[in-house]
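See below for the structure under consideration.
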Protein chains: 2
Amino acid sequence: MTTDSGTGQRRPVKTVETAVGILELIKVRDGATLPELTDELDMAKSTVHRHLKTLENLDFVVKGDDGYRIGLRTLDFGIYARDQQSVFHEGKDRVEELADETGEKVWLITHERGRSVHLFSATGARSVRTPAREGNQGYLHQLAAGKAILASFSKERVRSIADEYGLPAETEATITDRDKLFDELASIRERGVAFNRGESIPKLNAVGAPITDSNGEAIAAISVSGPSNRVKGTYLTEELPERLLGVTNEIEINLSYAES
Amino acid sequence: MTTDSGTGQRRPVKTVETAVGILELIKVRDGATLPELTDELDMAKSTVHRHLKTLENLDFVVKGDDGYRIGLRTLDFGIYARDQQSVFHEGKDRVEELADETGEKVWLITHERGRSVHLFSATGARSVRTPAREGNQGYLHQLAAGKAILASFSKERVRSIADEYGLPAETEATITDRDKLFDELASIRERGVAFNRGESIPKLNAVGAPITDSNGEAIAAISVSGPSNRVKGTYLTEELPERLLGVTNEIEINLSYAES
DNA sequence: ATCAAAGTTCAAGTAATTCGAATAGACTTA
DNA sequence: TAAGTCTATTCGAATTACTTGAACTTTGAT
């Protein structure tokens with residue numbers, strides 16, 4: 001028996017889990033036909049079909065020529081959810097400015113249930129292309145911005161997050177050891193910023209700084225990232241952190257007066 | 001017995017409809033508590049609770065201090081769905097340029113199942129603030145871009161859309177009469193662009209132009225809108241249409257070579 | 001410290017999902 | 001044109017699991 005981590009519940013509504021499983025599979029496969037879904041999910045054709053028709057009727061999936069795709073009703077919910085985040089409104093323009101000034105890729109990241117969520121990104125003139133997209137969820141310990149968020153949490157909370165999701169490696173440089181992570185978080189608290197040297201993508205470096213609320217707890221973080229042959233040395237350790245902290249500080253002040 | 005319109009199905013998965021109903025209600029109410037949802041949905045407290053916990057576990061809702069909110073997992077699906085639209089990739093930068101040049105609000109709109117979906121917007125220096133948000137769905141006949149899309153459809157298809165959703169009015173100027181709509185669509189086909197004079201928002205004018213595929217069917221449309229005291233006369237009827245058509249034409253060409 | 005409101009659990013009944021097989025439709029190939 | 005394949009759709013029967021209501025716990029306010 002595994003530990004009852006997070007919101008794991010005893011009696012979930014399985015039919016809803018099934019429907020979301022179908023949605024997720026369509027997304028992962030970049031579209032799918034009824035037989036494809038039936039095979040992979042190991043369910044009766046008629047059952048999957050009924051789910052698809054229901055989801056289609058709800059505009060969560062659409063049927064095209066080459067099978068079913070994710071419908072744009074999800075965009076309505078997604079954009080709504082992001083718009084609810086006050087840090088998105090305060091941060092959006094600043095993130096774009098930062099990308100213009102530095103020329104690098106800049107991300108605004110938040111956390112939900114111990115995982116990272118990529119809220120918004122801006123692309124500078126020299127930005128690299130990475131697989132990350134807005135809306136993506138991931139592991140906090142693999143990101144500069146994520147580590148900056150973790151550094152604001154209590155040791156107990158970090159431990160519970162590590163218990164729930166583990167510390168899986170994405171590259172050879174990813175921190176997978178708890179003690180190393182705690183050391184790292186301590187040094188982040190000292191410096192005020194977090195660094196990432198190829199821990200999520202090889203040869204990609206980044207700086208991350210937290211956006212904290214009045215209790216000192218991070219509600220989000222911003223990162224600036226670029227290729228390691230350019231983003232290194234004092235540019236990485238001094239110049240970018242200074243700019244970043246200026247931006248996050250500004251956002252924090254605006255947020256403290258914008259709270260409803 | 002009502003006409004079997006659209007994808008209306010005989011045996012939907014009610015449990016999924018219930019779950020989406022809960023999601024929708026949380027969204028409409030900007031967050032809700034368990035008793036609030038229970039009252040409004042007229043369901044047992046334990047049932048709603050179980051759904052909420054399931055949705056929370058799936059990251060579709062999150063529980064905050066003041067009740068449940070829409071979770072950011074929806075953003076992952078939504079952004080994914082938008083990224084799947086090739087017209088979004090081709091159109092995004094052009095829409096931003098157009099907003100910079102004109103200073104007005106520019107929208108990229110597509111259609112799904114006979115309804116409009118606001119895919120992307122860019123805001124110019126003098127843009128007005130409207131209630132529309134990315135992801136929003138609406139009626140095609142109420143929008144300049146929407147009418148431009150309808151104008152590319154067969155009369156039969158437009159009729160079937162009107163049958164399914166009706167032609168509800170949003171303002172006093174909204175076209176609610178079928179014959180008037182067909183006349184309007186004919187004149188749009190002649191001019192190549194559609195106009196909107198306060199038909200969705202009072203005192204807001206707009207021009208819309210379709211982005212058509214190789215079959216001459218609109219897959220999307222772009223609109224430029226602004227207050228009627230500024231956006232009028234030949235600026236509205238000549239200058240903006242010319243700029244718009246330049247942009248949509250460019251996108252169409254790019255799309256025709258980008259098709260997978 | 002007491003009370004009210006919100007959240008959570010459980011067993012039992014019922015309602016709805018799931019299944020499988022059979023049918024209809026669409027598209028390709030001979 | 002016709003056969004064949006792949007996909008989609010429908011239906012009745014059976015079992016699964018959703019819904020309910022009441023009881024209990026927790027949380028927060030006066």
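Letters A, B, ... are given to chains in the order of the sequence lines, protein chains preceding strands, and every chain is numbered from 1.
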Open item on the list: Donor-acceptor check, side chain of A:Arg133 to backbone of A:His118, threshold 3.5 angstrom: yes or no?
Closed with: no
Open item on the list: If I compare all heavy atoms of B:Thr33 with all of B:Gly67, which pair ends up nearest, and what's the gap?
Closed with: CG2-CA, 3.9 Å
Open item on the list: Can you work out whether A:Arg50 or B:Arg50 has the more 5'-proximal nearest nucleotide on DNA chain D?
Closed with: A:Arg50
TODO: Grab the CD1-P distance between B:Ile22 and D:dC18 for me, whole Å please.
DONE: 13 Å
Task: Side-chain (A:His111) to main-chain (A:Ala218) donor-acceptor, under 3.5 angstrom - done: yes
Task: Rounded distance (Å) that lies between atom C1' of C:dT17 and atom CE of A:Met43 - done: 10 Å
Which atom pairs link the protein and nucleotides 21-23 of chain D when you take only N or O atoms and keep those under 3.5 Å?
residue, atom, partner, partner atom, Å
D:dG21, N7, B:Ser46, OG, 3.4
D:dG21, O6, B:Ser46, OG, 2.7

Open item on the list: Distance check needed: D:dG28 P versus B:Asp66 CG, whole Å only.
Closed with: 13 Å
- [ ] Could you check A:Lys63 against B:Lys14 and say which one's nearest nucleotide on DNA chain D is further toward the 5' end?
- [x] A:Lys63
Task: Check: A:His51 ring centre within less than 6.0 Å of A:Tyr68 ring centre - done: no
TODO: Can you tell me the distance, in whole Å, between the CD atom of A:Glu17 and the P atom of C:dT17?
DONE: 15 Å
- [ ] Please state how far atom CG in B:Leu37 lies from atom C1' in C:dG7, giving the value in whole angstrom units.
- [x] 13 Å
Open item on the list: If you compare every side-chain N and O of A:Lys53 against the phosphate oxygens of D:dT9 (OP1, OP2), does one of them come in below 4.0 Å?
Closed with: yes
Open item on the list: Show the nearest heavy-atom pair for residues A:Ile109 and A:Ala145, with the distance to one decimal.
Closed with: CD1-CB, 3.9 Å
TODO: Could you state the atom-to-atom distance from CD of B:Glu36 to C1' of C:dA5 in whole Å?
DONE: 12 Å
Task: NZ/NE/NH1/NH2 to OD/OE distance under 4.0 Å, A:Glu112 and B:Arg69 - done: no
TODO: Provide, to the nearest angstrom, the distance between the CG atom belonging to A:Asp39 and the P atom belonging to D:dC6.
DONE: 12 Å
Task: Side chain A:Arg73, main chain A:Phe60, donor-acceptor under 3.5 Å - done: no
Task: DNA chain C: 5'-proximal contact among A:Val48 and B:His49 (nearest heavy atom) - done: B:His49
- [ ] Examine distances only and state if a side-chain atom of A:Asp76 and a backbone atom of A:Ile79 form a donor-acceptor pair shorter than 3.5 Å.
- [x] no
Open item on the list: By nearest atom, which of the nucleotides D:dA8, C:dA12, C:dT8 is closest to the A:Thr33 side chain?
Closed with: D:dA8
Open item on the list: Can you confirm whether the side chains of B:Glu252 and B:Thr212 place a donor and an acceptor under 3.5 Å from each other?
Closed with: yes
TODO: Say whether, by atom type as modelled, one donor and one acceptor occur between the side chain of A:Arg50 and the main chain of B:Pro12 under 3.5 angstrom.
DONE: yes
Task: Nucleotide of D:dT20, C:dG7, D:dT9 approaching B:Tyr68 most closely (side-chain heavy atoms) - done: C:dG7
TODO: Using a cut-off of strictly less than 4.0 Å, decide whether B:His51 has a side-chain nitrogen or oxygen near OP1 or OP2 of D:dT19.
DONE: yes
Open item on the list: Quick check for you: among C:dA16, D:dT9, D:dA17, whose closest atom lies nearest to any side-chain atom of B:Thr15?
Closed with: C:dA16
- [ ] Rounded to the nearest angstrom, tell me the gap between atom CG in A:Leu34 and atom C1' in C:dG20.
- [x] 14 Å
- [ ] Report the nucleotide, chosen from C:dG7, D:dT20, C:dT17, that has the shortest atom-to-atom distance to any side-chain atom of A:Arg11.
- [x] D:dT20
TODO: Mind grabbing the angle between the end helix axes of the helix from C:dA1-D:dT30 to C:dA30-D:dT1? Five pairs an end, 10° rounding.
DONE: 50°
